[in-house]
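Shown next, in structure tokens, is the structure this report addresses.
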Amino acid sequence: MQNDQELIKEYQNGDRSAFDKIVRRHLSNTIGFFYTITQDRMVSEDLAQDVFFKLFRHLKKFRFKSSFSTYLYRINLNTANSWFTRNKWKSFLSLEKADDKGYRDTNVEDEWNRKELWNEISKLPKKQRSVVMMRIAEELSYKEISKITGMAEGSAKVNFHHALKTLKQRLNHD
Amino acid sequence: MIDFEKQIKDTRIDKNQVVNEDEFLYKLEMRLQHSKDNRRTLMVSVMMLIAVFTLTITQSGAPNNLETKYAANDVENILETDFWNINGDSLNNYDSYFSDMAFFLLEEGYVWETYELINEFEQKEEI
């Protein structure tokens, strides 16, 4: 089985099917990442389309200076940040935000908590949001996060700590 | 804080999503094709705009005055239907025009008018 690097080289040499293989290999994980953030299957597929569309256009210029997974995470992160920005006003007005204090069963409450959590994450500053996304949705180490975001490992830790503090305050989990 | 981090991580959704890869790839292909078409349309539009702009600036295709003048002269020479064109430039026919007109007026009995015409002719010659 060919690794990513070999497939990318084949794609760069004009083999279009190599790109399809790359997509098939990383599709599930990419959609999963966006599904964690959006909790919407359709939106997560659309965002994954955006990611692979960008990848198709830029992969020919990939110079193997970083690993492909780092490169793909970076595209995922940028796409997610763009999505948060696009939906800034939408989330302000969204009915999903309505604070209903009535009865709900456990599953619904989990769902509600998840939406509320990501709604609050979307309001964080970009750096903090990026670290939180990578840490929560992808379970990456600070070292990997620093490679993807370009910030120092210590800075990633500090940003995550500040983000958690803010989220805890906002979600009233004191 | 660690508890809170754990709590947040517990809200994660199972990432292993079942995806119809073929359908996804088909949609992606359509999107790439659409983008390619859009880019081609944009390129053609830009090229057309550049062409129109260039033609406007250089005024290529607009009537050239000199050529028009020569063309008009050529037409006159070919057709030779107008009285001023029979023997070339109408200015050359200025004298004969006055003499013809003077004879015509005399024959018709307009003596004073003939006199005024001759006076006018003389004044113009002096000028």
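The structure presented is a predicted model; accordingly, all values stated were derived computationally and were not measured. All chains are named by letter (A, B, ...) in the order of the sequence lines, taking the proteins before the strands, and each is independently numbered beginning at 1.
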Does a salt bridge link [X] with [Y], judged by any charged N lying under 4.0 Å from a carboxylate O?
{"X": "A/D46", "Y": "B/K27", "value": "no"}
{"X": "B/D22", "Y": "A/R24", "value": "yes"}
{"X": "B/E29", "Y": "A/R16", "value": "yes"}

Grouping I, L, V, M, F, W and Y whenever their side-chain heavy atoms are under 4.5 Å apart, do [X] and [Y] come out in a common cluster?
{"X": "B/M101", "Y": "B/F103", "result": "no"}
{"X": "B/I118", "Y": "B/L105", "result": "no"}
{"X": "A/F160", "Y": "A/V158", "result": "no"}
{"X": "B/Y26", "Y": "A/L27", "result": "no"}

TODO: Check whether B/L28 gets within reach of chain A through its side chain, its backbone, both or neither, counting any heavy atom under 4.5 Å.
DONE: both
Open item on the list: Can you tell me how far apart CD (A/E45) and CZ (B/F24) are? Round to the nearest 0.5 Å.
Closed with: 7.0 Å
Open item on the list: Using 0.5 Å steps for rounding, measure from the CZ atom of A/F53 to the NE2 atom of B/H34.
Closed with: 9.5 Å
TODO: Select one option (side chain, backbone, both, neither) describing which atoms of A/F56 are under 4.5 Å from chain B's heavy atoms.
DONE: side chain
Open item on the list: With a 4.5 angstrom heavy-atom cut-off, is it the side chain or the backbone of A/R25 that approaches chain B, or both, or neither?
Closed with: neither
Open item on the list: Taking CZ in A/F64 as the centre, count heavy atoms belonging to other residues, nucleotides or ligands within less than 6.0 Å. Is the count above 12?
Closed with: yes
TODO: Check whether more than 12 heavy atoms from other residues, nucleotides or ligands sit under 6.0 Å from atom NZ of A/K126, and answer yes or no.
DONE: no
